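Quick notes on the structure that follows.
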2 protein chains.
Amino acid sequence: MSTIKDVAEAAGVSIATVSRALHGLPRVSEATRQRVLAAAAELRYVASPSAASLASGQTNAIGVVAPFVNRWYFAAIVHSAEERLRMAGYDLLLYSLGTDAHERRRAFSGTLLRKRVDGVLVLGLHPTAEEAAALSAVGGPVAIVGADVPGWASVRIDDADAARCAVRHLLGLGHRRIGFIGGADPLHTAMPADRRTGYRAELAAVGLPDTSGLEAVGGFTVGGGYAAAVRLLALPDPPTALFAASDEMAMGAVQAARRAGFRVPEDVSVIGIDDHEMAELMDLTTVAQPVVAQGVLAAEMILTALTDPERPLPAVKVPTELVVRGTTGPAPG
Amino acid sequence: MSTIKDVAEAAGVSIATVSRALHGLPRVSEATRQRVLAAAAELRYVASPSAASLASGQTNAIGVVAPFVNRWYFAAIVHSAEERLRMAGYDLLLYSLGTDAHERRRAFSGTLLRKRVDGVLVLGLHPTAEEAAALSAVGGPVAIVGADVPGWASVRIDDADAARCAVRHLLGLGHRRIGFIGGADPLHTAMPADRRTGYRAELAAVGLPDTSGLEAVGGFTVGGGYAAAVRLLALPDPPTALFAASDEMAMGAVQAARRAGFRVPEDVSVIGIDDHEMAELMDLTTVAQPVVAQGVLAAEMILTALTDPERPLPAVKVPTELVVRGTTGPAPG
DNA sequence: CTGAAAGCGCTTACAG
DNA sequence: CTGAAAGCGCTTACAG
């Protein structure tokens, strides 16, 4: 492995000049620059990131903290953010937490991130004030997707709004008994509470404030959504529509309804939130959120903050959109 | 941010002793070690990874090269490998290539990885001999999932075998006109060819060597599988069964069949490979492959190679298993 | 435009 | 058991 010294010798200049030439800094003559570039290419020189970091104080890496990478929402955002960050020359360090509280503590304490990344991208987690402070102390800019935290850049949808939109759609179809399948996420994902709030608010607005018995926990998985729907549909007076706080839970609910002998949407309507990649396939009505855009936007917020630390960090809400497909229809009777 | 010097002063020892104590090396008295640990905790000291790497020559990071992270197979493997590697104290650097040939070249050339990681995990790609040589030149051990490369550790399923198993299931149900929906992946994923080979071989073995006109390209996406199925089912003499080289394509095929007025499985059977997380929900018959196990196994191969560079690198094939669900049934007529 | 030199914060033989 | 010191490979003022 060649070092900067080898390149310097080959080009007949000092290592300082090699460094400048390779970084495209001014105050290097064109002739020298060409000689250096040629020598570097010839020797297949790659600068040592460790040495560069140590000397410059920058790591050229961004940490991504997410509860999972193997769920549609997170995978899509990681993918789009990675693409944007790599374009800008940054590496991506992945920290997926799973459901382990200990891992979460480690990640947010900064032990894992400190001195290792220039900035942090947090996905779909709702940090406590303490955690937020700890992560901020890591140093670089932090951007969060799916929630907002004072002092951080953020990009998210309006969860309460999205939920109200879904419920409004069902109300418009004549439904009055509308069940909710929500989260109860051990990792404090931001959305469950807000989406439930929206659900309740929209029903209260039309004089249906009593949702007791109509709410079930789905844990944001297909299986959880399935189980929750089974429970709600087994009620003596079952709901005629189910609103799930995510498409994955909604898909589980559709399947549960069909297996229990309900026709969808004739006997029971189902709506989700996301517009998951499989939603069209399952003909699922949903409130779509733009994931690629959120990932790219968050990445760009970090990049901007990195080049211009003075600029205030933006908090953006991206719009959602009702996508009507085949799992919702007029209330029966 | 405190440095090793701060800890040394606080504990009243040299930085060499701090380093030893913190790494749990021998030749440090218990009393000293405790004093150092206390001082480090007090100062919230975190060692600089850059400095440590530069001095030790190890990065404590593993690079993961994958074409995508937002597809079930890759996301699941990344997730499980990450968990295992982090347990061992390694960071994960993510390089997702997308479909960009230029990105692929960069990743495999080693420019991105050299001096940056101790080992590399390659997922679902079939490197050319040239690319393999370039990646090997990066230095550390390389493990590959979903293919095998001489000189690398590998873990995969037997793709031809899995395909034959799927086709055998269909033959056993009396099907004779069996369509194939395969890959044509711009990134040279390993599997398409092998799975097609298995499909052809199994048919040839029962005297049905002519598959011309029965093969279609699905690109490993739901939409691609849908389009491929539309084409095959529009044939004058359409197949009575479809074998898709992945569950995502199979799901698309099921939907396409239903929308075209075919009952599944009465009119047409569909089988995939994977046991995708949504496969049960869609009641899809498939040949299951263990993804979590493959990710963990590959991670462990790298860890072993890192601690014991002498040991020969294993090439493991993990078993697959036919999972019969509701999308396959007896051939009509 | 270019170079000599300090310094980034560690690890690791080498002495003792 | 402990410390002084060299060295890892860069970047970046500072001179010239």
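On a predicted model such as this, the values are computed, not experimentally measured, just so you know. A note on names: the letters A, B, ... follow the listed sequences, proteins ahead of strands, and every chain is numbered from 1.
Looking at residues 18-35 of chain B, you'll see B:Ser19, B:Arg20, B:His23 sit with a heavy atom under 4.0 Å from some atom of DNA chain C.
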Polar atom pairs between nucleotides 6-8 of chain C and protein, under 3.5 Å, N or O only, would you list them?
from, atom 1, to, atom 2, distance (Å)
C:dC8, O2, A:Ala55, N, 3.4

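A:Met301 places none of its side-chain heavy atoms less than 4.5 Å from the side chain of A:Leu313. At a threshold of 4.5 Å between non-hydrogen side-chain atoms, the residues A:Asp6 and A:Tyr45 do not count as touching. Side-chain atoms of B:Leu303 and B:Leu85, non-hydrogen and from C-beta on, do get closer than 4.5 Å to each other.
Distance CZ (A:Arg114) to C1' (C:dG9): 15 Å, rounded to an integer number of Å. Following rounding to the nearest Å, B:Asn60 (CG) and C:dC10 (P) show an atom-to-atom distance of 14 Å. For B:Lys5 and D:dA5, the NZ to P distance is 13 Å, given to the nearest whole Å. Going from atom CG of B:Asp6 over to atom C1' of C:dC10 covers 13 Å, rounded to whole Å.
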What donor-acceptor contacts under 3.5 angstrom involve side-chain atoms of residues 136-143 of chain B, with partners at least two apart or in another chain?
from, atom 1, to, atom 2, distance (Å)
B:Ser136, OG, B:Ala132, O, 2.9
B:Ser136, OG, B:Trp152, NE1, 2.8

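A donor-acceptor pair under 3.5 Å is absent between the side-chain atoms of A:Asp148 and the main chain of A:Ser154, judged by distance alone. Within the 3.5 Å criterion, the main-chain N or O of A:Ala52 finds a donor-acceptor partner in the side chain of A:Ser56. In terms of modelled atom types and a separation under 3.5 Å, the side chain of B:Lys115 and the main chain of A:Pro49 share no donor-acceptor contact.
Residue B:Glu83 qualifies as open at atom CD: its count of foreign heavy atoms under 6.0 Å is 12 or below.
Residues meeting the side-chain contact (heavy atoms from CB on, under 4.5 Å) test with B:Val296, sequence neighbours left out: B:Ser80, B:Arg84, B:Val292, B:Glu300.
Remark: B:Ser48 is not in phosphate contact with C:dG9, judged by side-chain N or O atoms under 4.0 Å from OP1 or OP2. Within the 4.0 Å cut-off from OP1 or OP2 of C:dG3, at least one side-chain nitrogen or oxygen of A:Thr17 is found.
For the salt bridge (charged side-chain N to carboxylate O under 4.0 Å, His left out) condition, the pairs that include at least one residue of residues 30-53 of chain A, sequence neighbours left out, are A:Glu30-A:Arg33.
Ion pairing between a basic and an acidic side chain is recognised when a charged N comes within 4.0 Å of a carboxylate O; A:Glu9 and A:Lys5 show no such pairing.
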Pairing string, 5' to 3', for DNA chain D - Watson-Crick or wobble contacts under 3.5 Å, brackets [ ] where pairs cross, | to another strand: |||.||||||||.|||

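As judged by a 4.0 angstrom heavy-atom cut-off over every strand, B:Ala52 is placed among residues touching the sugar-phosphate backbone only.
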